[in-house]
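Order of the sequence lines sets the chain letters (A, B, ...), proteins ahead of strands, with each chain counted from 1. The structure displayed is predicted, hence computed values, not measured ones.
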Number of protein chains: 2
Amino acid sequence: MAISLRQLRALVAAVETGSFGRAAARLHLSQPALTVQIRGLEEALGLTLFERSARGVRPTAAGLGTAQAFRRVLDALDEVVAGAREQAAGRSGTVHLAVLPSVAATLLPAALVRLRQAHPGIRVLVQDVVAGRVAERVKAGEAELGIGTLPGPDASLEAEPLFEDDLVAVLPPGHALAAAACLTPAILSAEPLVLTDPGSSVRALAERAFAEAGLVLRPAYEATYMSTAVALVRAGLGIGVLPAAALDLRLAPVLQTLPIAASAMRRGILLLRRRGGSLSPAAEALVEAVRHTLPGSGVAAS
Amino acid sequence: MAISLRQLRALVAAVETGSFGRAAARLHLSQPALTVQIRGLEEALGLTLFERSARGVRPTAAGLGTAQAFRRVLDALDEVVAGAREQAAGRSGTVHLAVLPSVAATLLPAALVRLRQAHPGIRVLVQDVVAGRVAERVKAGEAELGIGTLPGPDASLEAEPLFEDDLVAVLPPGHALAAAACLTPAILSAEPLVLTDPGSSVRALAERAFAEAGLVLRPAYEATYMSTAVALVRAGLGIGVLPAAALDLRLAPVLQTLPIAASAMRRGILLLRRRGGSLSPAAEALVEAVRHTLPGSGVAAS
DNA sequence: GATGGCCATAAGAAACCTCTATGACTGCTC
DNA sequence: GAGCAGTCATAGAGGTTTCTTATGGCCATC
């Protein structure tokens, strides 16, 4: 009654070779085994698929048509299986990645280039969301991986530190403080500052650092996008307090950065994944590429 | 390593129900059996298809995609199987039928109408070929069934008599011989005759009947097509010697037919099939329809 | 802290599949 | 025309797969 793939393969082979014996050989089977499969299929369908004679077999019209249809089904199945095995081998697949915009704009492109070199078939769907959202996306399963910060420990997420991202002071060309080795919140609070919007993780970090020094952060300028903030600094409007990783100095080579002496001025950028959920091979490959593109790995751009 | 339909069905059911337990119930299986199938599929593909937790399972992206693809494969297979079962039930299918033109023009349409009423899904491909070719087509397997004459016994063909086809004299309106009850070759040989071409089975039959009476058949008119011969008769050019079955008097109601007293004047019309080859259900249905439409069955048109 | 839901594992039983050996039949060759 | 080669069908034994029942672990909920 039930139909099996063996039967489909048997019918296709028998029709294509024109002989039960040759079909059996093609399938690495004994001839009786193939006979049994064909007979079972005929019973399951209630159809005569072959005319038998002592000289051989001849497919009936129904046998011919059914074999062709089965052939298409088997081909489709083979294609699906081959695709799945491609994914399994990490040669193809799709990774949904939630990532901080700042990382997406700096670290990520190099990692993706590296990934493409090793695994050209892998597709990465980048969701650049603000810091708090990265963990959300991963928790909800909307992203398989996340790169961002983690407000607190979370039982359902697994976090691996990728690198530390320091907030640095970004000085416009020729600024008076450029000769200093290191700045402090106290020094900075006397200067016009350029920061990102309230609510961003960078802003929260900076506010906390200032608060620890007993100061209140009052930026002269705020911008939503990092690139806007950098442009404001470059125009000489103030000193930027921005994450080092988000600054691509190749894009603004005239700027100078200085460390800020404050304990809270660094945040850990983590690789986030759902706890207990094993990564797809494609995601594994992406993780590999990201690890090898870290600031400290010697491979990445400055 | 190998993949089975059970595994495909298990994956599709598991993804669609979102639970191994419900999937097992849908497939009338125990839950462990389904677990094993999924596991086997994961091993065969080398892919993790579900994230397991104590609270249940969740398909991975790969599991979701693979399930959708498998779904399409299974649907295609189901369709093929359903089609094959339709054929098996005689509700659909295609019959290749070789048939004498004279029969094709007269008996066959009624039989096909009857067939369509009983089995609307069956397609009949009619090959109308001259008498000698009918047996050829069937022997070569180009036609599953034949309706025609058989020159001699043939070991590879099975023949079942359908009806006897008499050659009759066809008289134009108001002919002098119309009052006779029966004609003879001797009487006919004195009249201008209309026959079919030399080489046709009808012509050969008539020649043999005349020869038995010691006469030579010399038609005044010859035509390839039966309809042409009938037209010549209707025009009053002579008396037709034509097969009764081939005459549809509804098309030429003014004509009168008279029997011819001669032993050789009838030929058996046979239903031909390959010996040993069982008929497809569709062909069986056609045979049934033909048998019930025979001249003597009381169902057919005159 | 007990309970219910869900999945994984294990062991025994049943079903299926395959293989070897053999038989039946046909067509060809000597 | 008798033997031979080729083809498929059948039968019985053996092995593998697959199923079911029973059980355990884990988490969430009450």
Side-chain angles (χ1 to χ4, degrees), chain A residues 1-11 13-44 48-60 63 67 139 141 154-158 274-278, chain B residues 1-11 13-44 48-60 63 67 139 141 154-158 274-278:
Chain A
M1 195 64 200
I3 287 181
S4 70
L5 285 181
R6 283 178 225 273
Q7 292 171 337
L8 306 205
R9 296 208 179 91
L11 175 60
V15 166
E16 289 185 357
T17 63
S19 143
F20 284 10
R22 284 192 293 276
R26 180 202 274 198
L27 299 177
H28 309 293
L29 238 62
S30 70
Q31 169 261 315
L34 192 122
T35 294
V36 168
Q37 293 298 331
I38 298 286
R39 235 180 90 74
L41 185 58
E42 285 182 322
E43 280 173 14
T48 302
L49 300 171
F50 290 91
E51 282 180 26
R52 275 87 161 169
S53 74
R55 220 181 53 187
V57 292
R58 229 177 86 116
T60 63
K139 261 205 287 202
D154 192 312
S156 70
L157 291 180
E158 203 160 333
R274 288 167 59 84
R275 187 175 300 277
S278 71
Chain B
M1 193 64 198
I3 287 181
S4 70
L5 285 181
R6 284 178 222 274
Q7 292 170 339
L8 306 205
R9 297 207 178 92
L11 175 59
V15 167
E16 289 185 355
T17 63
S19 143
F20 284 9
R22 284 192 294 274
R26 179 202 274 197
L27 299 178
H28 309 293
L29 238 62
S30 68
Q31 169 262 315
L34 192 122
T35 294
V36 168
Q37 291 299 332
I38 298 286
R39 234 179 90 74
L41 185 58
E42 286 182 322
E43 280 174 13
T48 301
L49 300 171
F50 289 90
E51 281 181 26
R52 274 89 161 166
S53 74
R55 218 182 51 187
V57 293
R58 230 178 87 117
T60 62
K139 262 205 289 203
D154 192 313
S156 71
L157 291 181
E158 204 162 332
R274 290 166 59 84
R275 189 176 298 278
S278 72

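- Per the geometry, CD belonging to A/Q7 stands 11 Å off C1' belonging to C/dC17, to the nearest Å.
- Residues A/G21 and A/R6 both approach DNA chain D. Their nearest nucleotides, taken by heavy-atom distance, put A/G21 toward the 5′ side.
- Evaluation of the side-chain contact (heavy atoms from CB on, under 4.5 Å) rule for B/R52 yields B/F20, B/I38, B/R39, B/E42, B/F50, B/V57 as partners, not counting sequence neighbours.
- Applying the side chain to side chain donor-acceptor pair (under 3.5 Å) test to every pair with at least one member in residues 1-11 of chain B, sequence neighbours left out, gives no pairs at all.
- Atom CG of A/L41 and atom CG of A/L11 lie 5.5 Å apart (nearest 0.5 Å).
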Problem - Contact letters for nucleotides 19-30 of chain C, in which S counts primed atoms plus P, OP1 and OP2 and B counts the base, heavy atoms under 4.0 Å - result: BBB---BSS---
Identify every side-chain donor-acceptor pair in residues 25-35 of chain A under 3.5 Å, counting partners at least two apart or on other chains, and give the distances.
| residue | atom | partner | partner atom | Å |
| --- | --- | --- | --- | --- |
| A/R26 | NH1 | A/E16 | OE1 | 3.0 |
| A/R26 | NH2 | A/E16 | OE1 | 3.4 |
| A/S30 | OG | A/A33 | N | 3.4 |
| A/Q31 | NE2 | A/T35 | OG1 | 3.0 |
| A/T35 | OG1 | A/Q31 | O | 3.2 |

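- Atom CG in B/L34 sits about 15 Å away from atom P in D/dT21, given to the nearest Å.
- Side-chain N/O atoms of B/T35 include none lying less than 4.0 angstrom from OP1 or OP2 on C/dT9.
- At C/dA8, one or more side-chain N or O atoms of B/R52 fall inside 4.0 Å of OP1 or OP2 (strictly under the cut-off).
- Considering only residues two or more places apart in sequence or on other chains, A/R22 meets the side-chain contact (heavy atoms from CB on, under 4.5 Å) condition with A/T17, A/S19.
- Over its full length, the helix from C/dG1-D/dC30 to C/dC30-D/dG1 turns its helical axis through 10°, comparing axes from the five pairs at each end and rounding to 10°.
- Applying the side-chain contact (heavy atoms from CB on, under 4.5 Å) test to B/T60 and every residue at least two apart in sequence or in another chain returns B/T48, B/E51, B/A62.
- The closest donor-acceptor contact from the side chain of A/R274 to the backbone of A/L157 lies at 3.5 Å or more, if one exists at all.
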